[in-house]
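For reference, the structure discussed in these notes is given below.
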Number of protein chains: 2
Amino acid sequence: MKESTTKKLLKERKLRITTVRNEILSIFNDRNYALSFYDLEKELKTKFDTATIYRTINTFVENNIIHQIPLESKTAYYALNSVLEEDENSRKEHIHFLCRICRRTYCLENVIIKDLKINKNFRLESLKIIAEGVCDNCGAIS
Amino acid sequence: MKESTTKKLLKERKLRITTVRNEILSIFNDRNYALSFYDLEKELKTKFDTATIYRTINTFVENNIIHQIPLESKTAYYALNSVLEEDENSRKEHIHFLCRICRRTYCLENVIIKDLKINKNFRLESLKIIAEGVCDNCGAIS
DNA sequence: TTTTATTTTGCAAGTAACTTGCAAATATAA
DNA sequence: TTATATTTGCAAGTTACTTGCAAAATAAAA
């Protein structure tokens, strides 16, 4: 991701432009799958402190730049919000697809869910879907 | 839950029948929503050690008696498997419904999902769905 | 552009949520 | 009812974060 793009994004949220923030945003933007703290640490090992990376992740979540993905793993995973999700009031639902081969988690937009009939007397307001299977990349290899 | 029922369940899995196991199973059976370690601890505080409760939870997950529910919270939540889920080969998908008022998580069976169109080249094998909204109980009160 | 105010960072220490090792207690098998 | 195997309690350990505080970096004001 171009530095000018990350800077613009930070400025919009009235967040100070710093090196960690630029670099973490850039890493998120270069992947099309979700990242954990350890994924980020791998790339930023020597440059920044553990606490700084955690604090940056938290700042990004609070400012609607990334979202946490509910998986059964102990460590939290995060992915960039799509443009549609940036406005909290019009958050678009999407599917998280976990590949059982590479263990990567992708955000899939444009998945159509029709006719979800939930038990009566339960009022449905939003949905989070975790799909499991084989991703396009792993499917092509095998 | 009757003690004879919990004993039968444990015997089927070739697990030794112990007091913690009976009591934890019984607590799960008395609720229709998911429980965390802290929910269990509240009831079993004085009787059993922390490590014992955690070990019992893990034993139950390994033996397909309960399942972990993927939520964004830091602490794991667990619920009893339904009879249909007991056989690992015919695990039935169901929805987890998180009530935004009481924060309880219910397993809803019999939810019909039609026509989920996922991106091509992603091979879908299973689905986990976390619904949010208002449960029957909280809906009735308000 | 320099000064001032505010926020962010690094380091070390702290906390929450579990897990493990080991000897004693308990459950099942012989 | 003794022998074998598993489970439990206690204490210590680990993992995944979080917090306090002084120093450094960023942005706003002059």
Side-chain angles (χ1 to χ4, degrees), chain A residues 3-4 6-27 34-63 65-78 103 105, chain B residues 3-4 6-27 34-63 65-78 103 105:
Chain A
E3 211 190 271
S4 58
T6 64
K7 282 187 183 170
K8 194 172 151 261
L9 183 57
L10 292 171
K11 220 161 217 167
E12 278 168 16
R13 314 296 160 111
K14 297 201 194 322
L15 291 174
R16 292 197 174 188
I17 293 156
T18 68
T19 334
V20 221
R21 290 183 180 166
N22 274 327
E23 296 208 16
I24 291 188
L25 262 186
S26 183
I27 292 172
L35 299 169
S36 68
F37 167 80
Y38 296 95
D39 296 325
L40 293 171
E41 202 197 24
K42 243 186 287 163
E43 313 229 355
L44 304 171
K45 226 196 289 277
T46 50
K47 287 189 197 160
F48 307 101
D49 189 70
T50 302
T52 305
I53 301 176
Y54 276 116
R55 277 193 279 231
T56 307
I57 292 173
N58 289 342
T59 306
F60 284 179
V61 170
E62 284 156 18
N63 285 277
I65 293 171
I66 59 176
H67 59 281
Q68 198 189 325
I69 297 168
L71 298 176
E72 264 149 44
S73 78
K74 218 176 199 171
T75 32
Y77 275 78
Y78 301 90
R103 304 311 290 168
T105 300
Chain B
E3 211 190 271
S4 58
T6 64
K7 282 188 181 169
K8 195 173 151 259
L9 184 57
L10 292 170
K11 219 161 215 167
E12 277 168 15
R13 314 296 159 109
K14 296 199 194 326
L15 291 174
R16 291 195 174 192
I17 293 156
T18 68
T19 333
V20 222
R21 290 182 180 166
N22 274 327
E23 297 209 15
I24 292 188
L25 262 186
S26 183
I27 291 172
L35 298 168
S36 67
F37 167 80
Y38 297 95
D39 296 324
L40 292 172
E41 202 197 23
K42 242 185 288 163
E43 313 230 356
L44 304 171
K45 226 196 289 275
T46 48
K47 289 189 194 160
F48 307 101
D49 189 69
T50 302
T52 306
I53 301 176
Y54 276 117
R55 277 192 279 231
T56 307
I57 292 173
N58 289 342
T59 306
F60 284 179
V61 170
E62 284 155 20
N63 286 275
I65 294 171
I66 59 176
H67 60 281
Q68 197 189 326
I69 296 169
L71 298 176
E72 262 149 46
S73 78
K74 217 173 197 172
T75 31
Y77 276 78
Y78 300 90
R103 304 313 289 168
T105 299

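Residue numbering restarts at 1 for every chain, and letters A, B, ... go by the order of the sequence lines.
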Between [atom2] of [N] and [atom1] of [X], the distance in whole Å:
X: B:Glu62; N: D:dT7; atom1: CD; atom2: C1'; answer: 14 Å
X: A:Ile24; N: C:dT8; atom1: CD1; atom2: P; answer: 13 Å
X: B:Phe48; N: C:dT26; atom1: CZ; atom2: P; answer: 12 Å
X: B:Ile53; N: C:dA17; atom1: CD1; atom2: P; answer: 14 Å
X: A:Leu15; N: C:dT8; atom1: CG; atom2: P; answer: 7 Å
X: B:Glu41; N: C:dC18; atom1: CD; atom2: P; answer: 11 Å
X: B:Lys47; N: C:dT26; atom1: NZ; atom2: P; answer: 16 Å
X: A:Arg16; N: D:dA27; atom1: CZ; atom2: P; answer: 6 Å

Looking at [X] and [Y], what are the two nearest heavy atoms and their distance?
X: B:Tyr38; Y: B:Thr75; result: CE1-CG2, 3.5 Å
X: A:Ile69; Y: A:Tyr78; result: CD1-C, 4.4 Å
X: A:Arg16; Y: A:Arg21; result: O-NH1, 3.0 Å
X: A:Lys47; Y: A:Glu23; result: NZ-OE1, 3.0 Å

Protein-to-nucleotide contact annotation, 5' to 3' order, nucleotides 11-24 of chain D [B base; S sugar-phosphate only; - none; under 4.0 Å, heavy atom]: -----SBBBB----
Short side-chain N/O contact from A:Arg21 to OP1 or OP2 of C:dT8, under 4.0 Å: yes
side-chain contact (heavy atoms from CB on, under 4.5 Å) partner of A:Leu10, chosen from A:Thr59, A:Asn22, A:Asn63: A:Asn22
Check against side chain to side chain contact (heavy atoms under 4.5 Å, CB included), A:Ile66 and A:Leu35: CA-CA 10 Å; A:Ile66 59 176; A:Leu35 299 169; over 6 Å; no
Test item: B:Leu9 and B:Glu12 side chains (from C-beta on) under 4.5 Å apart, heavy atoms: yes
Sugar-phosphate, base or nothing in reach of A:Lys14, heavy atoms under 4.0 Å: nothing
Position toward the 5' end of DNA chain C (nearest nucleotide), B:Thr18 or A:Val20: A:Val20
